[in-house]
Novice: 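Questions regarding the structure given below will be posed in turn.
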Amino acid sequence: MADLEHHSLTSLGKVGKSSGEIDGMQDPLIDGAGSSENYSVAAAIFPFLFPALGGLLYGYDIGSTSCAIISVESSSLSGTSWYDLSSVQIGLVTSGSLYGALIGSVLAFNIADFLGRRRELILASLLYLVGALVTTMAPNFVIMVIGRFVFGIGIGLAMHAAPMYIAETAPTQIRGRLISLKEFFIVLGMVVGYTVGSLLVDIVAGWRYMYGVSSPLSIIMGIGMWWLPPSPRWLLLCAIQGKGNVQDLKEHAICCLCRLRGPAIGDSAPAQVDEILDELSSIQGTKKASLGEIFHGKCLKALTIGAGLVLFQQITGQPSVLYYAASIFESAGFSGASDATRVSILLGLFKLIMTAMAVLVIDKVGRRPLLLGGVSGIVVSLFLLGSYYIYLGDAPAVAVIALLLYVGCYQLSFGPIGWLMISEIFPLRMRGRGLSIAVLVNFGANALVTFSFSPLKGPHASSSIALLGAGVLFYGFGVIAVLSLLFIFFCIPETKGLTLEEIEAKLL
């Protein structure tokens, strides 16, 4: 521990300058020109790709389940004797993975820092595999729900660990792009799920094949994560907290960093690890963050930013907007829009395009401009949709424009940046626990919105809509979106170009 104390004492001046001076001389870690940030693009692919498969599987589950429900309920195509499911049972199949994800988020709170990001993703891939196989081979309804629940626990762990691993291993210059690309993989998974589902929905027991497709992808994810090195920052956190020999952990972190950056890093890996260790030693405590400490000081500020952003991400109306998509397109004269699967594929492809745009510009434009511009567009689109259902019923083009504006702006802002910010904003010592709370808020709000508006999709949809009114519903979401815009303007900092250690030192 003496070596570690020496790092802390000898680096105070350097850390003070790196953490406090933004004006004046540029810090090479901020402008991305420093040699310590040299990296090989080829070497950065796999540390992103294998964790991102967790997001692909999450998206695939969303897309395939919409078609699997049609298959499992069919008396002629389900291939089972228990196809006559009640609305509650259908809800359990549809939302079973969501409830599992909630449990996975709770588990992550306690095991994240113990397992580390890499092993947590390996565990997630194993749960993905077990859940997919149990669901695929389920002999009865109860076993099917258990499989969906196990798969959901994998989703919770993967959505917790993947952004952390990518954030902690990615070069600063492309960190935002890579984490946003994970959102692209989620949307890609949804499109693949809708497509595979539409191809298999007319096959006897097609739902089994739909869920079975997840199995090989989960195996690839698990093998890939087994091959990848641990996060160097997690190793250095273990060193600071006395969870092993400091020198051994430091040397292991250097080796891992060399693998993650490729030949381009040259001989600068030891200096870069020293710099990270210096920063961590000066701004991190030596103890593990307690539950009470998470709700105080800079931890509370980070939690407010992260949890607040993902909360608004879920409660600004996305499920309800997408629910009305088919009827909006049909009213505008698109005859094929009556097929919900076609609409889902169409909107999924549009989402992919808009997410790709966000990926390309996020490290150039920054997080705040995209959030402010995107959420402003969401506000306009929601009030347009509300006006369409109340005043402009004879102008369906307005609803189509508003729908596309909403989906496009969401994928430029809340979609990718919500996951990006929660992976960047938490201090390393509490990143595992803080991010688990943010993910729990995300899935919890998702479940709450889904449950609250499920009557709109049930057999009594017409009476529910008559009671609330679609126009009033969208106006209400518009007001929430305005509040989210104020929250972003006053509370969300710009993290573009900063290392994770600088984000903690300068912005919290």
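Starting from 1, each residue takes its place in the sequence as its number.
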Novice: Indicate yes or no: does Lys250 engage Asp274 in a salt bridge with an N to O separation below 4.0 Å.
Specialist: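 A salt bridge links Lys250 with Asp274.
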Novice: Provide the closest heavy-atom pair for Ile305 versus Pro493 in the form atom of the first, atom of the second, distance.
Specialist: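 For Ile305 versus Pro493, the nearest heavy atoms are CD1-CD, 3.7 Å.
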Novice: Enumerate the residue pairs fulfilling ring pair (Phe, Tyr, Trp, His ring centres under 6.0 Å) with a member in residues 40-59, sequence neighbours excluded, ordered by first and then second residue.
Specialist: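 For residues 40-59, and leaving out neighbouring residues, the ring pair (Phe, Tyr, Trp, His ring centres under 6.0 Å) pairs sorted by first residue read Phe46-Phe50, Phe46-Trp227, Phe48-Phe185, Tyr58-Phe443.
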Novice: Pick out which of Leu349, Leu347, Ile345 makes a side-chain contact (heavy atoms from CB on, under 4.5 Å) with Tyr194.
Specialist: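 Going through the options one by one, the only one that passes is Ile345.
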Novice: Testing Leu260, Ile276, Val273 for side-chain contact (heavy atoms from CB on, under 4.5 Å) with Pro232, which one passes?
Specialist: Leu260
Novice: Where do Lys182 and Ala162 come nearest, in terms of heavy atoms and distance?
Specialist: CD-CB, 4.0 Å
Novice: Which atoms form the tightest heavy-atom contact between Ser231 and Tyr165, and what is the distance?
Specialist: N-CE1, 4.0 Å
Novice: Which heavy atom in Met221 sits nearest to a heavy atom in Leu57, and how many Å separate them?
Specialist: SD-CD1, 4.2 Å
Novice: Closer than 3.5 angstrom, by distance alone: can the side chain of Trp234 be matched with the main-chain N or O of Asp113 as a donor-acceptor pair?
Specialist: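 The answer is yes, because a donor-acceptor pair under 3.5 Å joins these two groups.
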Novice: Which atoms form the tightest heavy-atom contact between Ala158 and Ala124, and what is the distance?
Specialist: N-CB, 3.8 Å
Novice: Under 3.5 Å, sequence neighbours excluded: what are the donor-acceptor pairs made by side chains of residues 402-413?
Specialist:
residue : atom : partner : partner atom : Å
Tyr406  : OH   : Thr316  : O            : 3.0
Tyr406  : OH   : Gln318  : N            : 3.0
Tyr410  : OH   : Gln313  : O            : 3.3
Tyr410  : OH   : Gln318  : NE2          : 3.3
Gln411  : NE2  : Glu183  : OE2          : 3.3
Gln411  : NE2  : Thr355  : OG1          : 2.8
Ser413  : OG   : Cys409  : O            : 2.6

Novice: Using the rule salt bridge (Lys or Arg N to Asp or Glu O under 4.0 Å), only one of Lys298, Arg233, Lys301, Arg429 pairs with Glu504; which is it?
Specialist: Lys298
Novice: How far apart are the C-alpha atoms of Tyr128 and Ser214, what are their side-chain angles, what is the distance that settles it, and do they pass the side-chain contact (heavy atoms from CB on, under 4.5 Å) test?
Specialist: CA-CA 8 Å; Tyr128 273 145; Ser214 300; over 6 Å; no
Novice: Quick one: which of Ile488, Leu486, Val482 gives a side-chain contact (heavy atoms from CB on, under 4.5 Å) with Val375?
Specialist: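 Of the listed options, the one satisfying the test is Ile488.
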Novice: Is NZ or CZ of Arg119 both nearer than 6.0 Å to the six-membered ring centre of Trp226 and within 45° of the ring axis?
Specialist: no
Novice: Output the distance between atom CG (Leu56) and atom OG (Ser218), rounded to the nearest 0.5 Å.
Specialist: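 Leu56 CG to Ser218 OG: 11.5 Å, rounded to 0.5 Å.
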Novice: Would Leu123 and Glu120 satisfy side-chain contact (heavy atoms from CB on, under 4.5 Å), going step by step from the backbone distance to the final call?
Specialist: CA-CA 5 Å; Leu123 177 59; Glu120 185 179 351; 5.6 Å; no
Novice: Could you pull out every donor-acceptor pair under 3.5 Å between side chains of residues 148-156 and any protein atom, sequence neighbours left out?
Specialist:
residue : atom : partner : partner atom : Å
Arg148  : NE   : Val93   : O            : 3.0
Arg148  : NH1  : Asp61   : OD1          : 2.5
Arg148  : NH2  : Asp61   : OD2          : 3.3
Arg148  : NH2  : Thr65   : OG1          : 3.2
Arg148  : NH2  : Val93   : O            : 3.4
Arg148  : NH2  : Ser97   : OG           : 3.3

Novice: Give the intermediate values and the outcome of side-chain contact (heavy atoms from CB on, under 4.5 Å) for residues Gln314 and Asn442.
Specialist: CA-CA 7 Å; Gln314 292 297 324; Asn442 180 283; 3.5 Å; yes
Novice: Give me the atom names and distance for the closest heavy-atom approach of Gly104 to Leu157.
Specialist: O-CD2, 3.5 Å
Novice: How far does CZ of Arg431 sit from CG of Leu428, to the nearest 0.5 angstrom?
Specialist: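 Arg431 CZ to Leu428 CG: 5.0 Å, rounded to 0.5 Å.
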Novice: Roughly how far apart are Leu133 CG and Tyr211 OH, rounded to 0.5 Å?
Specialist: 14.0 Å
